[in-house]
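No hydrogens, no waters, no symmetry mates; every other heavy atom, side chains included, goes into these values.
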Amino acid sequence: GLMRCGYCSAAGFLRIYSDRALPIDHNSSDATTSSYLPFESRQTHERVLRVLVAAAIALPDDLVTGLLVLSLLPAPFSFEMAAPLLALPLTNNERRAIMRRLVNLGLLSYNASLQLFTMHKLVRDAARLLVHNLGLPYNETRRRFAELLVLSARRLVLPLISKNRMLSARLAWSRLSVHAVQLVNWAFQEVREDMLPLYVSMAWDLMPLLSSSCSSYTLQGFCQVVLERAQFLDMTLESAQLMTVLGSLLAESAALKRADAMLRQALEYFWRELKGPHQAVARCYKELGALMLKAGKPSEASKHLQQALEMLETLYGGASTELLPVLQLQVELLRRSRKYAEAEGVVTRALGVCGAAYGPNDVQVAVWKNQLAQVVRQAGRLDEAQSLAQEVLALLQGQLGSEHPRVAAQLMMLGQLAAQQGKQAAAEQTYRKALQVYQSVSGLHHPDTFNCLTSLVSLLRGAGKAAHALPLAQRCMAVKKKSLGELHPDTAASMQVVADVMLDLGKYAEVELHCSRAVWVYQQLNQPSGSKPVIVAT
């Protein structure tokens with residue numbers, strides 16, 4: 001490629017390749033990975049790396065600079081992510097020309113259908129060796145990349161989440177998530193002081209998004225290493241933000257005592273630094289209230305949630321959408337305490353906030369109206385709950401169309417209400433509609449489809465239609481075996497469903513066969529059958 005494009009002659013390339021001063025560091029971390037290869041493979045690896053370093057040196061200045069900068073980006077990456085890092089060319093056309101020339105040389109590859117670039121690991125290793133030996137501002141470029149990621153997520157993804165446009169938010173985040181994971185991994189290597197504010201911003205603003213890309217254990221470690229660096233530098237406010245996020249992650253992992261201590265210390269830091277009402281203090285109160293709710297301490301949960309709500313009202317007013325997450329937790333607390341009248345009042349307030357902010361036909365209004373239907377249902381007013389659920393279904397179909405998972409979930413709720421009222425035929429018809437939507441949208445092997453099938457089987461059994469339920473139960477079992485394999489708890493549970501239907505039909509030999517098989521699966525998985533009981537009637 002170098003010779004074809006006229007960048008270097010064969011003799012010139014061999015002269016660079018033979019130079020003993022060529023920067024190949026056998027003690028670098030990248031070279032270390034090759035030390036585990038067989039001797040012949042290691043020699044080949046080092047020779048190829050030497051060729052690539054020589055090729056990079058032979059490139060014109062604009063191309064070698066572009067190559068070194070692009071080696072920062074994890075693969076794959078889009079032009080939009082790369083362009084801000086290529087600061088030297090003034091126009092996008094010049095930047096595209098640089099990337100096109102690198103593709104022609106074979107140093108980048110381009111997927112036209114996905115519009116994504118990739119850089120081979122060996123090319124990346126060679127570029128980083130040059131960066132290390134030439135003393136280029138690698139960390140400054142890395143910081144600019146982190147700033148770009150945080151800014152892109154704030155502008156593109158978070159507004160969609162605030163409006164509950166979760167599918168659009170996931171699509172927007174999918175183009176950024178690989179880069180976010182790379183930044184999280186960088187933090188485990190080193191937390192530079194100039195990168196610390198960006199890491200804190202990622203943890204504070206983007207944690208709901210990061211949770212979909214990284215495991216909870218990884219994110220806890222990320223927050224911990226950044227927190228230790230912030231505390232070392234006496235950055236109290238940043239430490240409090242990280243403690244709040246880490247406390248929330250610990251609560252999700254059921255480490256309730258550690259989460260409690262972390263959140264209370266964060267609250268102390270916030271009050272010490274901010275000395276008054278602030279959105280960060282309100283968020284910490286909210287997380288503490290959610291923790292107390294999870295720990296089964298309703299009085300403390302109510303107190304902290306009320307503190308969060310009052311602070312947000314002071315900051316944003318009583319009709320702000322900032323109140324909605326706290327109102328959601330209050331509704332959950334009141335429903336658990338069976339205070340349905342108070343819960344209904346909170347939901348009604350949230351409906352007013354959503355209607356004023358988003359309009360009466362927005363999906364968020366449907367979500368809260370569905371909450372109201374659930375509260376009314378728990379209060380025993382089934383006719384009113386069914387009327388509300390029908391309104392929600394019409395609203396969702398108008399906004400999302402008939403083929404959508406949320407529409408199917410709402411049909412399931414209507415089926416449950418009909419069954420609760422003793423309307424078995426209507427319930428069966430509604431369940432079958434929901435099943436049809438789930439199969440069309442999510443596919444046969446999706447957990448939602450399986451749950452719908454299982455609910456329909458239970459409904460048919462309760463209506464004395466075990467013969468109609470059996471093919472559906474067997475279908476559930478076949479789907480689970482095919483998608484998860486036989487040695488899986490969900491497959492064993494589907495075997496038990498078949499056994500229950502067989503029991504209704506009086507086929508006792510088949511009942512014993514399926515229950516024995518389910519017990520064997522649980523034993524193979526080292527799970528006591530007592531934790532997931534398989535009951536055989538005698």
Side-chain angles (χ1 to χ4, degrees), residues 211 215-217 251-256 294-296 336 378 405 408-409 411-413 415-420 422 424 427-428 430-538:
S211 298
S215 67
S216 177
Y217 178 79
E252 290 175 6
S253 302
L256 302 185
K294 185 170 288 189
R336 287 191 188 184
Q378 285 184 299
L411 287 168
M412 287 279 291
M413 181 180 173
Q416 292 165 3
L417 282 166
Q420 202 169 349
Q424 299 295 331
E428 181 181 345
T430 310
Y431 274 135
R432 289 189 184 277
K433 286 181 181 178
L435 181 61
Q436 186 177 358
V437 175
Y438 275 133
Q439 286 178 332
S440 174
V441 176
S442 304
L444 189 62
H445 302 286
H446 196 276
D448 289 340
T449 308
F450 175 75
N451 292 336
C452 187
L453 269 171
T454 306
S455 299
L456 183 55
V457 168
S458 299
L459 178 73
L460 292 172
R461 287 182 61 215
K465 298 181 179 179
H468 293 85
L470 183 59
L472 294 172
Q474 290 172 330
R475 182 177 164 193
C476 285
M477 184 173 67
V479 166
K480 286 299 176 183
K481 282 184 177 180
K482 186 173 181 179
S483 59
L484 301 174
E486 190 164 2
L487 291 177
H488 193 281
D490 289 349
T491 306
S494 68
M495 294 175 186
Q496 183 175 342
V497 172
V498 174
D500 290 339
V501 180
M502 292 288 189
L503 186 63
D504 293 342
L505 294 172
K507 298 181 179 181
Y508 302 116
E510 286 86 351
V511 172
E512 183 177 359
L513 175 66
H514 285 95
C515 284
S516 300
R517 192 66 183 172
V519 170
W520 178 82
V521 171
Y522 287 133
Q523 288 173 342
Q524 293 300 310
L525 295 169
N526 294 320
Q527 294 182 359
S529 58
S531 64
K532 292 181 179 281
V534 179
I535 303 171
V536 182
T538 57

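A251 meets the side-chain contact (heavy atoms from CB on, under 4.5 Å) test with A259, L291; sequence neighbours excluded. Legend: residues meeting side-chain contact (heavy atoms from CB on, under 4.5 Å) with C476, ordered by chain and number and at least two apart, are F450, L453, T454. Under the rule for a side chain to side chain donor-acceptor pair (under 3.5 Å), Q424 has no partner lying at least two apart in sequence or in another chain. Q436 meets the side-chain contact (heavy atoms from CB on, under 4.5 Å) test with no other residue; sequence neighbours excluded. For E486, the salt bridge (Lys or Arg N to Asp or Glu O under 4.0 Å) partners at least two apart in sequence or on another chain are R517.
One distance of note links CE of M412 with CG of N451; it measures 7.0 Å at 0.5 Å rounding. One distance of note links CG of L411 with CE of M413; it measures 12.0 Å at 0.5 Å rounding. The line from OG of S455 to CG of L472 is 11.5 Å long, rounded to the nearest 0.5 Å. Rounding to the nearest 0.5 angstrom, the gap separating the CD atom in E512 from the CE atom in M502 is 13.5 Å.
Of all non-hydrogen atoms in Q524 and L487, the two that sit nearest each other are CB-CD2, 3.7 Å. When all heavy atoms of A499 and C515 are compared, the closest pair comes out as CB-SG, 3.6 Å. What you find for Y522 and A493 is that their closest heavy atoms are OH-N, 3.8 Å. The two residues V497 and A473 have their closest heavy-atom pair at CG1-CB, 4.0 Å. Minimum heavy-atom separation, G443 to T449: O-OG1, 2.7 Å. M495 and H514 make their closest contact through O-CB, 3.8 Å (heavy atoms, listed as atom of the first residue, atom of the second, distance).
Counting heavy atoms from C-beta outward, V521 and T491 have side chains that stay 4.5 Å or more apart.
The list of salt bridge (Lys or Arg N to Asp or Glu O under 4.0 Å) pairs with a residue in residues 455-473, not counting sequence neighbours, reads E428-K465, R461-D504.
Under the 3.5 Å distance criterion, the side-chain polar atoms of S440 are left unmatched by any main-chain donor or acceptor of V437.
Counting non-hydrogen atoms of other residues, nucleotides and ligands closer than 6.0 Å to NE2 of H468 gives a total of 12 or fewer.
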